[in-house]
Amino acid sequence: MQKSKQTPNYKQAKFLTSAAQLSQLPNDTGVEVAFIGRSNVGKSSALNALTGQKNLVRVSKTPGRTQLINLFALSDTQRLVDLPGYGYAKVSKKTKQDWEKLIDAYLRKRSCLRGLVLLMDIRHPLQEFDVQLLTWTKQINLPIHILLTKTDKLSFGAGKNISQKVQKEVMKINSAASIQLFSAHKSIGHDELKKTLNQWFRS
Ligand code: GDP
C-alpha cells in the first residue's frame, strides 16, 4: 500500500513550514487537505482540536495577524494546510487582492490538494467570500466540506435548524459540497470531520 493512502494519525501533526507565495511551498507531491475561513471563525481551534494539540496553531484574539500559508506534516506524504484567514476589515484593498490571488493560485495549481474545509461561524454563515469559494471549488471540481463552527453557542435544535437552511443555500451554489456542525470547545463533530478527511487522504 502506498504511504500516501494510509489513514493519517492527526495527533502526529508537526509544523512543517510557512509560505508567503506558491514557490515557497514544499514539492507538489503526496496529499494535502486545506482549511480556510474568515478570521476569527475558529480555524486554529479546529486544527488544534483535530490534532489533539493545544498549541499546534496559535489561537488569537487579534484576527488577520498572518497572511501566510502554514503547513503541518502528518507523515512524509500527508499535510494539513492552514490557509490565511480572510475578511479582516482593517486590511488594505491591496492586501485583500494579494490574498485572493494567492488563494486562487493555490486552489487552482496545487495538484496534491485533495479537498478544502471551509469554516463558517454558524451565526454568520455564507458571507461574500464563502460564496465565492463555493463557486470556485465547483468550477475546478475540488471537493469542499463545510464546518459550521462554534455550534456550542446555540442549542442543538437551533444549530440543526440553521444547518438545514444553510445546506439548502449551499446546494444551490455547489451541489457537491458537504456540511456539518462543529465545535472545537465541545467535541461536536470531530469524528465526522475526521471521516471526511480520512476519505480524502486515502483517495
Ligand atoms: P481563527 O482566527 O479562525 O484561527 O480563530 P481562533 O481559533 O483563533 O478562534 C477565534 C476565537 O473564537 C477564540 O476566542 C476562540 O476561543 C473562539 N472559538 C474557537 N472555536 C470555538 C468553539 O468551538 N466554540 C466557542 N464558543 N468559541 C470558539
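Order of listing sets the numbers, starting from 1, for every ligand and every atom in it.
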**Message:** When you measure from the heavy atoms of Asn40 to every atom of ligand 1, does any distance fall below 4.0 Å?
**Reply:** yes
**From OG1 (Thr77) to CG (Asn27), nearest 0.5 Å** = 13.0 Å
**Asked** Of all the atoms in ligand 1, which lie at a distance below 4.0 Å from a heavy atom belonging to Ser183?
**Response** 23 (O)
**Request:** Could you check which of Ala46, Ser45, Gly85 puts a non-hydrogen atom nearest to atom 9 (O) of ligand 1?
**Result:** Ser45
**Prompt:** Does the pair Asp121/Arg38 count as a salt bridge with the N-to-O cut at 4.0 Å?
**Reply:** no
**Request:** Identify whether the distance between the nearest side-chain nitrogen and carboxylate oxygen of Glu169 and Lys172 falls below 4.0 Å.
**Result:** yes
**Asked** Taking heavy atoms and a distance under 4.0 Å, where does Asp152 meet ligand 1: side chain, backbone, both or neither?
**Response** side chain
**Request:** Before signing off on this row, confirm whether Ser39 and ligand 1 have an N or O atom pair separated by under 3.5 Å.
**Result:** no
**Prompt:** If you take all heavy atoms of Ile179 and Gln167, which pair is closest and at what distance?
**Reply:** CG2-CD, 3.6 Å
**Asked** Within the structure, does Ser44 bring an N/O atom to less than 3.5 angstrom of an N/O atom in ligand 1?
**Response** yes
**Message:** Regarding atom 17 (C) of ligand 1: of the candidates Lys150, Lys186, Arg38, which has the closest heavy atom?
**Reply:** Lys150
**Message:** Between Lys94 and Asp98 (salt bridge meaning N to carboxylate O under 4.0 Å), is one present in this structure?
**Reply:** yes
**Prompt:** Would you say ligand 1 has an N or O under 3.5 Å from any N or O of Phe182?
**Reply:** no
**Polar contact flag, side-chain donor to acceptor under 3.5 angstrom, Glu32-Tyr106** = yes
**Asked** Going by atom types alone, do Arg58 and Ser44 pair a side-chain donor with an acceptor below 3.5 Å?
**Response** no
**Prompt:** With a 4.0 Å heavy-atom cut-off (strictly under), which part of Lys153 contacts ligand 1: side chain, backbone, both or neither?
**Reply:** side chain
